[in-house]
Amino acid sequence: MKHLIIVESPTKAKTIKSFLGKDYEIIASKGHIRDLPKHTFGIQIEQEHFNAKYVIPKESRQIVAEIKELAQKADDIFIATDEDREGEAIGYHIAIAIGKEPLDIPRIVFHEITKTAITKALENPRKINISMVHAQQTRRFLDRIVGYKLSPLLASKIHKGLSAGRVQSSALKIIIDREKEIQAFVPIQYFSINAFFNDVEATIYEYHNKKIGKMDIRSEEEAKKITEEAKNDSFIVSKIEYKSRKVSPPPPFMTSTLQQSASSQLGFAPSKTMRIAQKLYEGMTTHEGITGLITYMRTDSLNIAQEALHAVRKLITQSFGETYLPSKPNIYTTKSKNAQEAHEAIRPTNINFTPQVAADFLESDDLKLYTLIYNRFVASQMNAAEFEIQNIFFQGNNVCFKANGRKLIFDGFYAILGNDDKDKLLPTFEEHMQVQLQKIKTEEHFTEPPPRYSEASLIKTLESLGIGRPSTYAPTITLLSQRHYIIIEKKQLIPQEIAFRVMSMLESNFNEIVDSNFSADMEEKLDSIAQNEAKWEKVLWNFYYEFDKKIQDGKTNIKSQKVIIPTGELCPKCGCELVKRESKYGEFVACSGYPKCKYIQPNHNVQEAENGEKCEKCQKPMVVKFSKRGKFLACSGYPECKNTKSLTAHQNTKTIDIKCPKCNGDIVQRFSKRGAFFGCSQYPQCDFISKFEPIDKKCNDCGSLMAERMYRGKEVYECISCKTRIPKDNP
């Protein structure tokens, strides 16, 4: 063996192996192989100096041994981890783990996993960037300090299982601040007035030569007064305006915008989007063999390689014609001042691998995301769409109404992305012609509170405030959900009561942790470290010195918020009083002598199984209990009897008034790790299953049941068997 290439992903290794000959051995570290210990702090801090106790986790020891063995046989070794801080640090620690000097091992980088990119990278190796390693280590230390110092304080003052973090807590504050806005919102009443002239609807524009805005009419009396004047007035067409409006194409995707678009257009959670994007980047089977299909998916850059620009401009000319091609390539710049401009935007690696070709090789969700990325990239290099805007003013003595029309005169980039802005054509009018007021309507409205954040809109806000980086958006939301700080319902992020209590304590005592300016400022400092413009230990010490003083002060001076209510009952084990306590799973009754006595009242806060099911071991009633994995059935005789089982179909929360199309049994709502679904109550004898709730409507094609759902922003009926879709408003 002559050459050894070390990557972090097995799929990535497989793809690169397919490009190179037998002289190359490619092995994957499977992520970090050297890290801070899981269960101890792992950082020794002495006056402005930070020393880490790095360990090789048990699950990584075998792969480290394999890499060592291969490294001893190799003539040369290349580190080929991802080109970001995390990848740089992984490469650095791989070198240390196998007993090599990190700066002596050639480092190769690429933004796409294609044969051309890999070959070029091997011809142009560089050294590991120690400044990027220091930036990653600073972030890792910072997160460890906050987590290991602040989380135990939260646990001691509120209850166990709580955590805090720099990006996590800043994101939670944003969600809670929005919820407070909603709770404090007071609706404002206003009125709209629309008139119809020759079947054209127009909105009030002026009253007594004063322009009227959307919310300017605040009282019913004023609305009636204007309406009565208009009814007794005569109108002419006072002016007709024609304007041209261009709509510029959107830029190609970067991480944040990909997650937002995949959420709004495909219904993908950010974590799912990144999981699929990782697969597309690392390599999949195509008609040309295994290759990476998109460029690196963790990026905040909008740069495009020159060869990619040349290829897409050629495709636009061939597929759409010269009129769709700008005279020069469209150049985009990111609003993020800390963007890693050495990276590229997310784009397809081979412009000829169209979604139509990809459909023969990719699974459904993979194809959906690839199509989104492909079409967005092509659209970004097309000409703008152009509309003709028409405004018609209907003038009375004291009241003026305005009608708007539009017509698409050149579709431009809409040719590939589609256009939801339908034409609104107005009939022909002439200036000064007299028109008849056919009818006039007045409607009462109330302002609405700001909407709760969705995953997509939160990511957009985090990005705009400079909180976190592309790699942190999806994990942050996942962590908030896992900690039970938020729940996600109908795409809305809803903070829970415990989140308000945690945030109240953090804002009162550790405001810098939850302040968005602090988090954004820290990101800039991390970027400065990565660019060798700041000393990492100095940055870390400046934070730690004040933070640790607040932690020590908080242990003494922050009042406990734990809810402990005496019950008047005695513990059957030790005789101490039983008290009602709280956990993140709800209330429970336990011994006040904890931790010496760990008695917990077994039947508190549980409900009997709906069908009166008995334990098959001791015949006592089975009860529904709760854990971090959800509901389950347990024997009420615990701890003497520890029998448990998963919930069966008839214990679920919702029975649908529709019969199973296979066996005529009941259809019930059931739950799995992936969420709610609908299945037959006779499972496993009957395997009927549906992702969406069936309704009493049958498919014209196959006769199976239909379900109501949203598809590309529209309400449709969809067959649960053959997936036939028909618009709900035109069945």
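Since we're looking at a predicted model, the values are computed, not measured. All heavy atoms count here, side chains included; hydrogens, waters and symmetry mates do not.
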Ring pair (Phe, Tyr, Trp, His ring centres under 6.0 Å) evaluation trace for Tyr296 with His111 = CA-CA 5 Å; Tyr296 190 50; His111 301 130; 8.0 Å; no

key: For Tyr54 against Leu36, the heavy-atom pair lying closest together   = CD2-N, 3.8 Å

query = Which heavy atom of Leu369 sits nearest a heavy atom of Ala277, and at what distance?
reply = CD2-N, 3.7 Å

ask   = If you look at every heavy atom in Pro252 and Ile304, which pair is closest and at what distance?
value = CG-CD1, 4.0 Å

query = Is the closest basic N to carboxylate O distance between Glu59 and Lys38 below 4.0 Å?
reply = yes

request  = Examine the side chains of Ser9 and Glu282 and answer whether a donor and an acceptor come within less than 3.5 Å of each other.
outcome  = yes

query = Taking all atoms of both residues into account, what is the closest heavy-atom pair of Arg107 and Lys127, and its distance?
reply = CB-C, 3.9 Å

message = Tell me if the CD atom of Glu101 is crowded by more than 12 foreign heavy atoms within 6.0 Å.
response = yes

query = Should we say atom NZ of Lys491 is surrounded by more than 12 heavy atoms from elsewhere, each under 6.0 Å from it?
reply = yes

Pair Ser256, Glu463: side-chain N/O donor-acceptor within cut-off below 3.5 Å = yes

task = May I ask you to check whether over 12 heavy atoms, not counting those of Lys17, lie within 6.0 Å of atom NZ?
result = yes

remark   = Tightest non-hydrogen contact, residues Ala74 and Ile77, listed as CB-CG1, 4.3 Å

query = Are Arg126 and Glu88 within salt-bridge range, i.e. N to O under 4.0 Å?
reply = yes

request  = Decide whether Glu86 and His32 meet the rule of one side-chain donor and one side-chain acceptor closer than 3.5 Å.
outcome  = yes

Asp365 with Arg275: basic N within carboxylate O range, under 4.0 Å = no

message = Between Thr354 and Gln356, do the side chains contain a donor N or O and an acceptor N or O under 3.5 Å apart?
response = yes

ask   = According to the interplanar angle, ranging from 0 to 90°, do the rings of Phe141 and Trp536 count as parallel (below 30°), tilted (30 to 60°) or perpendicular (above 60°)?
value = perpendicular

inquiry  = Quick one, Phe353 with His287, criterion side-chain contact (heavy atoms from CB on, under 4.5 Å). Give me CA distance, side-chain angles, the key distance, then yes/no.
reply    = CA-CA 9 Å; Phe353 191 66; His287 59 297; 3.5 Å; yes

ask   = Should we count CD of Glu533 as having more than 12 external heavy atoms under 6.0 Å?
value = yes

ask   = Does Lys272 NZ have over 12 foreign heavy atoms under 6.0 Å away?
value = yes

task = Tell me, with the steps shown, if Leu362 and Leu293 meet side-chain contact (heavy atoms from CB on, under 4.5 Å).
result = CA-CA 11 Å; Leu362 304 185; Leu293 302 184; 3.8 Å; yes

task = Classify the side-chain pair Gln260/Tyr473 by whether it contains a donor and acceptor separated by less than 3.5 Å.
result = no

key: Which atom of Ser380 lies closest to which atom of Pro251, heavy atoms considered   = CB-C, 3.9 Å

